[in-house]
There are 2 protein chains.
Amino acid sequence: MSGAAAGRTDTVEPGARRTRQRTAVLQALVGFRDFISAQALCALLTEAGVSVGLSTVYRTLRDLERAGRLDVVRDETGERLYRERPEDGHRHYLICRCCGRSRAVDTEVVEAWADRIGEHTGFTDVEHTLELTGVCAGCAPSAQQGETSCRQESPRRPSDPRRSPR
Amino acid sequence: MSGAAAGRTDTVEPGARRTRQRTAVLQALVGFRDFISAQALCALLTEAGVSVGLSTVYRTLRDLERAGRLDVVRDETGERLYRERPEDGHRHYLICRCCGRSRAVDTEVVEAWADRIGEHTGFTDVEHTLELTGVCAGCAPSAQQGETSCRQESPRRPSDPRRSPR
DNA sequence: GATGGACATGAAAATCATGTTCAGATAGTT
DNA sequence: AACTATCTGAACATGATTTTCATGTCCATC
């Protein structure tokens, strides 16, 4: 796991140093297949015995985002959630409001529509952000009753210390 | 301007009291045709001689949002921007990154697409958030050179005290 | 027109994600 | 090994939003 064949978990940016912390953040992000917050990622690393400072996590995520290697969304509270971008190009996700699991959705219709917007409006350099949320099949039964109660034991959101919001 | 014929600047919610502050917030929001932050709205009211506490502005905006009378977007920094919803139904906007001006765009294609997502994914109760940004025709010339320099003298953003972010 | 209680206000403090500082540690080179 | 630009992280700073709570205000009732 050193040297060749990497490319995805190699370095944050060409020219950047490869440190224990950045490698750990990058690997955790690749291994974690869903969106995760900076703080949760930091906690995840700590639990795994690879302690990385929160500042470093934020810095690394910022650099990765700049390098175009992450997709970023915001949850209801405005918190940013990151995910490694599976392949090139712009992708959108449908995220379960209960368990937080995400799945990529085909968005060519929206992309094409967004591209055409500029022509009709006189706007240039049009960019778009699309966020889709719903309740996945696995969460639907429990969501019918207690509304958003299924989040309580989310398996993909280690140590979520949010409590008061809403 | 009292009693009949209102309906838009009347009360925040049915059953809520009509106070000087809530009326002022609601009227300012209706008069201001673009997205505006809570803090900017508060400043706007203060400038207009109708001082309203920041807490009350936030509370009123929260209630209006719950009542479905506002459209809300987030700017690059995560700050929430509010705008009175012109008519019933879900609408989306194309916002100029330079001057902040917005215009509603026709989104039936996206709406229809989003509605169909559930069927293919097994997700229920699918909701979507779409944010479009670009550079409007008026800002295009100045944006070519100094990038986002045209924001400096935005006429629709009174007293914008943001500085450090990014 | 007084009273009482439910609701509203706002100044201050709390919260919370994220950014910045800077002294010390480290990677990669010579 | 020595060197130095870069990286790290604890502590602190920031800034939007929320909560607290003492005080104010509306309104039905007497």
Side-chain angles (χ1 to χ4, degrees), chain A residues 2-3 10-26 28 35-46 50-67 70 72-82 157 159-166, chain B residues 2 10-26 35-46 50-67 70 72-82 157 159-166:
Chain A
S2 59
D10 211 9
T11 56
V12 172
E13 274 180 311
R17 286 184 183 169
R18 179 188 342 200
T19 66
R20 174 182 69 80
Q21 292 87 342
R22 288 184 186 174
T23 302
V25 168
L26 203 36
F35 285 92
I36 187 171
S37 71
Q39 315 234 12
L41 188 61
C42 185
L44 195 67
L45 287 163
T46 300
V50 189
S51 190
V52 177
L54 195 50
S55 316
T56 301
V57 172
Y58 275 113
R59 262 190 300 248
T60 306
L61 290 172
R62 196 223 297 125
D63 294 343
L64 285 168
E65 186 186 355
R66 282 184 182 158
L70 295 183
V72 187
V73 300
R74 286 183 188 276
D75 69 8
E76 325 83 58
T77 73
E79 191 179 22
R80 304 180 70 157
L81 305 178
Y82 305 83
R157 292 265 184 123
S159 67
D160 189 308
R162 265 175 291 133
R163 212 152 313 283
S164 46
R166 291 285 139 113
Chain B
S2 59
D10 211 8
T11 55
V12 171
E13 274 180 312
R17 286 183 184 165
R18 177 185 344 194
T19 65
R20 174 182 69 80
Q21 290 88 342
R22 289 184 187 174
T23 303
V25 169
L26 203 35
F35 284 90
I36 187 172
S37 71
Q39 316 233 12
L41 189 61
C42 185
L44 196 67
L45 287 163
T46 300
V50 190
S51 189
V52 177
L54 194 51
S55 317
T56 302
V57 173
Y58 274 113
R59 264 190 296 250
T60 306
L61 290 171
R62 195 223 298 127
D63 294 343
L64 286 168
E65 186 186 355
R66 283 183 182 159
L70 295 183
V72 187
V73 299
R74 287 183 188 277
D75 69 8
E76 325 83 59
T77 73
E79 192 178 23
R80 304 179 69 154
L81 306 177
Y82 304 84
R157 292 263 185 126
S159 65
D160 189 310
R162 265 174 291 133
R163 213 149 315 280
S164 48
R166 292 280 140 121

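Throughout, a chain's letter reflects where its sequence line sits, starting with A, and its residues are numbered from 1. Given the structure is predicted, the values throughout are model-derived calculations rather than measurements.
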Q: Look at the side chain of Gln39(A) and decide which nucleotide, out of dA8(C), dT17(D), dA17(C), has an atom nearest to it.
A: dA17(C)
Q | Distance, rounded to the nearest Å, where Leu81(A) contributes CG and dA17(C) contributes C1' | A | 12 Å
Q) Nearest 0.5 Å, what's the CZ-CG distance between Phe35(B) and Leu41(B)? A) 13.5 Å
Q) Going 5' to 3' along nucleotides 22-30 of chain C, which nucleotides have protein heavy atoms under 4.0 Å from the base (write B), which only from the sugar-phosphate (write S), and which from neither (write -)? A) ----BBS--
Q: Output yes when at least one side-chain N/O atom of Arg80(A) is less than 4.0 Å from OP1 or OP2 of dA17(C), else no.
A: no
Q. Does Arg74(B) have a side-chain nitrogen or oxygen under 4.0 Å from the phosphate oxygens OP1 or OP2 of dA16(D)?
A. no
(Q) Measuring to OP1 and OP2 of dC7(D), would you say a side-chain N or O of Gln21(A) lies under 4.0 angstrom away? (A) no
**Q.** Ser55(A) (side chain) and dT20(C) (base): donor-acceptor pair under 3.5 Å
**A.** yes
Q: Could you pull out all residues at least two apart from Thr19(B) that satisfy side chain to side chain contact (heavy atoms under 4.5 Å, CB included)?
A: Arg17(B), Gln21(B), Arg22(B)
Q: Can you tell me the distance, in whole Å, between the CG atom of Leu26(A) and the P atom of dC7(D)?
A: 15 Å
Q.
Heavy atoms from C-beta onward define the side chain here; which of dC7(D), dT17(D), dG9(D) lies closest to that of Val52(A)?
A. dG9(D)
Q. Tell me: CG of Leu61(A) to P of dT8(D), nearest whole Å?
A. 12 Å
Q) Mapping Ser51(B) and Tyr82(A) onto DNA chain C by nearest heavy atom, which one lands closer to the 5' end? A) Ser51(B)
**Q.** Arg74(B) side, atom CZ; Arg80(B) side, atom CZ - distance, nearest 0.5 Å
**A.** 5.0 Å
(Q) Between Tyr58(B) and dT18(D), is there a contact of a side-chain N or O with OP1 or OP2 at under 4.0 Å? (A) no
**Q.** Spacing between Leu54(A) atom CG and dG19(C) atom C1', to the nearest angstrom
**A.** 11 Å
Q: Considering non-hydrogen atoms only, spot the tightest contact between Leu45(B) and Ala24(B) and give its length.
A: CD2-O, 3.7 Å
Q. Taking only residues two or more places apart in sequence, or in another chain, which ones meet Ala38(A) in a side chain to side chain contact (heavy atoms under 4.5 Å, CB included)?
A. Val57(A), Tyr58(A), Leu61(A), Tyr82(A)
Q: Could you please name the option among dG10(C), dT19(D), dT17(D) that lies closest to any side-chain atom of Ala38(B)?
A: dT17(D)
